[in-house]
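Values reported hereafter were calculated over all heavy atoms of this structure, with side chains retained and with hydrogens, waters and symmetry mates removed. Numbering of residues begins at 1 and proceeds along the displayed sequence.
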Amino acid sequence: MANVTLAAAGVRLRPLRLSDRVEWQRLREANAEWLRRWEATNPPGVPAPAVSFGQYVRENRRLARTGQALTFAVEVAERIVGQVSVSSITLGALRGASIGYWVSQHVAGRGITPRAVAIAGDYCFTELGLHRLEINIRPENAASLRVVAKLGFREEGLRSRFLNIDGDWRDHRSFALTAEEAPGGLLARVT
């Protein structure tokens, strides 16, 4: 699982590399305001540990090697345009995971995010043998709500004050999909 590269429909997912530091940091800086409303933050009074890009990449590699998570750079035309993360991978009776993602504002609305999530989801269902995938979205995040709608995730309910985002505890709508609900795969739904 540690060094998986996936590609389809003009989108490539691959592990972050140490050599991505400058490109990734520039992209994050350019999109800081665009992403601020949607990204998890530490609760007030809980300091965020200082983590270098190198430490971040090494931790993602460790989580992939141990089967706990997969973090992919999303590339289009060999440029990083975002990220998809498959986290909380649980085997045993659950066989599930959560998916999170972000994409640069300059490519938003071009169908890249649904394709990237579909590629990751299909890998989870077919190669990892997962049964259930979950995505949690803030109710006001219209773009992400369109992603789950395109992919056929069903809504399961509201998680009150679920994650600390942008300095406060925020509600999230919870969506899920099981392997049985996607017999033809997710990518077929968006290409």
**OP:** List the steps, then state whether salt bridge (Lys or Arg N to Asp or Glu O under 4.0 Å) holds for Arg132 with Glu156.
**Re:** CA-CA 13 Å; Arg132 173 188 163 85; Glu156 292 193 321; 2.7 Å; yes
- request: Evaluate ring-ring contact (aromatic ring centres under 6.0 Å, His included) for Trp24 paired with Phe53, printing each intermediate quantity in order.
  value: CA-CA 9 Å; Trp24 188 87; Phe53 182 76; 5.1 Å; yes
**OP:** Verify ring-ring contact (aromatic ring centres under 6.0 Å, His included) between Trp38 and Tyr101, making sure each step is shown before the conclusion.
**Re:** CA-CA 10 Å; Trp38 317 121; Tyr101 47 85; over 10 Å; no
Exercise for review: Any chance you could lay out the salt bridge (Lys or Arg N to Asp or Glu O under 4.0 Å) test for Asp20 and Arg14, step after step, and finish with the verdict?
Suggested key: CA-CA 11 Å; Asp20 293 326; Arg14 64 160 177 83; 2.8 Å; yes
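In terms of modelled atom types and a separation under 3.5 Å, the side chain of Arg36 and the main chain of Ala32 share no donor-acceptor contact. A donor-acceptor contact shorter than 3.5 Å links the side chain of Ser52 to the backbone of Gln55. Side-chain atoms of Arg110 come within 3.5 Å of backbone N or O of His106 as a donor-acceptor pair.
With a 4.5 Å cut-off on side-chain heavy atoms, Pro139 and Asn141 do not count as touching. Residues Ile112 and Val74 have side chains in contact (heavy-atom distance under 4.5 Å, counting atoms from C-beta outward). Between Pro114 and Leu186 the shortest side-chain heavy-atom distance does not fall below 4.5 Å. A heavy-atom distance below 4.5 Å is not found between the side chains of Ser98 and Ile89. Side-chain atoms of Glu134 and Asn136, non-hydrogen and from C-beta on, do get closer than 4.5 Å to each other. The closest side-chain heavy-atom distance from Trp169 to Pro43 is below 4.5 Å. You'll find the side chain of Leu18 reaches within 4.5 Å of the side chain of Arg61, heavy atoms only. Considering only heavy atoms from C-beta on, Leu27 comes within 4.5 Å of Trp102 through its side chain.
Taking CG from Leu35 and CZ from Arg28, the interatomic distance works out to 5.0 Å, rounded to the nearest 0.5 Å. From Ser144, atom OG reaches atom NE2 of His172 across 9.5 Å, with rounding to the nearest 0.5 Å.
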